[in-house]
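Indexing begins at 1, ligand by ligand and atom by atom, following the structure's order.
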Amino acid sequence: MSTHIGAEPGDIAERVLLPGDPLRAKWIAETYLKDARCYSTVRNMLGFTGTYDGVEVSVQGSGMGMPSASIYAHELINDYGVKKLIRVGSCGAIVESLQLRDVVAAIGSSTDSNMNRARFDGLIDYAPVADFELLRRSVDAAAEKGISMRVGPILAADAFYTDRPDLYDRLADYGVLAVEMESAALYTIAARFGAQALTLLTVSDHIKTGERTTAQEREQTFSQMVEIALQTIIA
Ligand SMILES: O=P(O)(O)O[C@H]1O[C@H](CO)[C@@H](O)[C@H]1O
Ligand SMILES: O=c1cc[nH]c(=O)[nH]1
């Protein structure tokens with residue numbers, strides 16, 4: 001096993017969906033994968049492998065925040081040979097034009113995290129971006145399924161709770177659609193180690209209107225996003 005994933009080499013597919021919530025991983029595996037088996041329960045950060053439309057796919061919880069997600073992305077790519085990673089997460093909308101439950105594909109990810117600043121000695125503002133091929137396929141998959149999906153930039157924030165909501169408004173002025181907590185690290189690590197990565201999100205709460213979904217809904221009902229992600233990752 002790797003340091004944080006209790007799987008043997010070969011237990012994990014080259015194509016992995018990455019929800020932050022390990023119970024969303026369980027729901028995805030039980031709902032969408034054939035012959036799903038759990039390969040890791042380390043720290044209750046559940047991981048499953050099965051098949052979707054005849055193609056082997058894994059789904060691995062990645063936790064909340066960039067330090068946690070970075071560990072899983074790093075080990076999946078470097079210890080298990082994972083080639084394609086699609087995060088299937090929740091996000092807070094920061095623009096009025098998004099509604100609760102809308103699906104967003106993150107073309108690029110601004111961040112307030114210090115992780116990339118440290119990576120480049122504070123000298124470069126590295127721009128973490130989605131893999132173009134996965135992004136294009138996700139757009140095709142959404143269109144084939146008749147699901148409306150917004151493509152645009154997002155913010156990957158270190159903190160869920162902020163004292164500076166004014167900065168969300170400023171980002172919205174620059175076209176940023178929503179905030180979550182992992183995409184910048186996922187895109188950076190995938191680029192660093194030659195894997196393909198994409199972040200798909202469902203709007204779980206609206207920062208402008210205060211509307212929000214329940215924990216049960218965030219765990220078990222974001223099916224449109226998951227179906228786009230599965231169709232994209234097997235393509
Ligand atoms: O629903 P997940 O995938 O965990 O994503 C979002 O939800 C968590 C915060 O509630 C953060 O991890 C954020 O990125
Ligand atoms: O990171 C997140 C996820 C959902 N909603 C938020 O406001 N932030």
Quiz item: Applying side chain to side chain donor-acceptor pair (under 3.5 Å), which residue pairs with at least one partner in residues 112-125 are found, sequence neighbours left out?
Solution: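 Non-adjacent pairs meeting side chain to side chain donor-acceptor pair (under 3.5 Å): N116-R119, N116-T188.
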Quiz item: So, does R218 sit close enough to ligand 1 that a heavy atom of it is under 4.0 Å from the ligand?
Solution: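 Flag not set, R218 not near ligand 1.
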Less than 3.5 Å apart, any donor N or O on the side chain of [X] or [Y] sitting next to an acceptor on the other?
X: E8; Y: Y39; value: no
X: Q231; Y: E144; value: no
X: S58; Y: T49; value: yes
X: R101; Y: S204; value: no
X: S183; Y: S109; value: yes

Quiz item: Can you name the side-chain hydrogen bond (donor to acceptor under 3.5 Å, both in side chains) partners of R218, sequence neighbours left out?
Solution: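 R218: no side-chain hydrogen bond (donor to acceptor under 3.5 Å, both in side chains) contacts found.
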Quiz prompt | Residues, nucleotides or ligands: over 12 heavy atoms within 6.0 Å of I147 CD1 | solution =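 Enclosed.
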Practice problem: Under the ring pair (Phe, Tyr, Trp, His ring centres under 6.0 Å) rule, collect the residues that match up with F132, sequence neighbours excluded. | Solution: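 F132: no ring pair (Phe, Tyr, Trp, His ring centres under 6.0 Å) contacts found.
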Using distance alone, determine whether [X] and ligand 1 share an N or O pair under 3.5 Å.
X: M181; result: yes
X: P19; result: no
X: R87; result: yes

Quiz item: Is the shortest distance from a Lys or Arg side-chain nitrogen in K84 or D131 to a carboxylate oxygen in the other one below 4.0 Å?
Solution: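 Judged by the 4.0 Å cut-off on N to carboxylate O distance, K84 and D131 do not form a salt bridge.
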Distance filter under 4.0 Å to [X] heavy atoms, resulting ligand 1 atoms:
X: E180; answer: 14 (O)
X: S90; answer: 1 (O), 2 (P), 3 (O), 5 (O), 6 (C), 7 (O)
X: F160; answer: 9 (C), 10 (O)
X: R24; answer: 1 (O), 2 (P), 3 (O)
X: M64; answer: 8 (C), 9 (C), 11 (C), 12 (O)

Quiz item: Any idea which protein heavy atom is nearest atom 4 (O) of ligand 1, and the distance to it?
Solution: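 Nearest neighbour among protein heavy atoms for atom 4 (O) of ligand 1, to 0.1 Å: G20 CA, 3.4 Å.
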Exercise. If you have a sec, work out which protein heavy atom is nearest atom 12 (O) of ligand 1 and how many Å separate them, to one decimal?
Key: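 Scanning the protein heavy atoms, the shortest distance from atom 12 (O) of ligand 1 goes to E182 OE2, 2.6 Å.
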Quiz item: Between the main-chain N or O of H206 and the side-chain N or O of E211, is there a donor-acceptor pair closer than 3.5 Å?
Solution: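 Looks like no, no N/O pair under 3.5 Å.
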Enumerate, one pair per line, all nitrogen or oxygen atoms of ligand 2 lying under 3.5 Å from a protein nitrogen or oxygen, stating the separation to 0.1 Å; write 'none' if no such pair exists.
residue  : atom  : partner : partner atom : Å
ligand 2 : 5 (N) : G92     : N            : 3.2
ligand 2 : 5 (N) : D205    : OD1          : 2.9
ligand 2 : 5 (N) : D205    : OD2          : 3.0
ligand 2 : 7 (O) : D205    : OD2          : 3.1

